[in-house]
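Okay, structure first, notes after.
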Amino acid sequence: MTIEKITYILDTNILLHEPFAFLSFQEHDVVVPMTVLEELDSIKDRNKDVSRDARVAIRALEDALADATPEEVLAGVPLPIQNDGSKIGRLSIFNDYTLE
């Protein structure tokens, strides 16, 4: 059975609620708009509990994209491999104008 790939676009609230949310869509593609990264960056330095979640989300995204070139990030970097070794989705960071 072939699973049809779906593209999920994550917003700031999703990543603040679950910093590793992008890993939850393993067989699908995940896009994080640049605005979301900018919002997480502005939240991370506040003196509130949500700041910790913003830092965790930023760190997790950086780890997932650590060895990728800007071109690879735009094209999509494979998400970590599932336990069964099957091919899975990709993580991309897009400039907002790319999503229009």
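Basis for what follows: all heavy atoms, side chains included, without hydrogens, waters or symmetry-related copies.
- Pairing each heavy atom of R46 with each of S51, the nearest pair is O-OG, 2.6 Å.
- Here the side chains of L10 and V36 are not in contact, with every heavy-atom distance at 4.5 Å or above.
- Residues A57 and L15 share a closest heavy-atom pair of CB-O, 3.9 Å.
- Not counting sequence neighbours, the partners of A60 by the side-chain contact (heavy atoms from CB on, under 4.5 Å) test are F20, F22.
- H17 NE2 to D11 CG: the interatomic distance, rounded to the nearest 0.5 Å, is 11.5 Å.
- In this structure, S92 has no side chain to side chain donor-acceptor pair (under 3.5 Å) partners at least two apart in sequence or on a different chain.
- Here the closest non-hydrogen pair linking V73 and A68 is CG2-CB, 3.7 Å.
- Considering every non-hydrogen atom in both L74 and I93, the closest pair reads CD1-O, 3.8 Å.
- Every salt bridge (Lys or Arg N to Asp or Glu O under 4.0 Å) that D41 has, sequence neighbours left out, goes to K44.
- Take Y8 and apply the ring-ring contact (aromatic ring centres under 6.0 Å, His included) test, not counting sequence neighbours, and it matches F25, H28.
- Between D53 and L40, every side-chain heavy-atom pair lies at or beyond the 4.5 Å cut-off.
- With sequence neighbours left out, D29 forms a salt bridge (Lys or Arg N to Asp or Glu O under 4.0 Å) with K5.
- Rounded to the nearest 0.5 angstrom, R55 CZ and I43 CD1 are separated by 11.5 Å.
- Listed by first and then second residue, the salt bridge (Lys or Arg N to Asp or Glu O under 4.0 Å) pairs that reach into residues 56-74 come to none, sequence neighbours excluded.
- Between L16 atom CG and D49 atom CG the span is 12.0 Å, to the nearest 0.5 Å.
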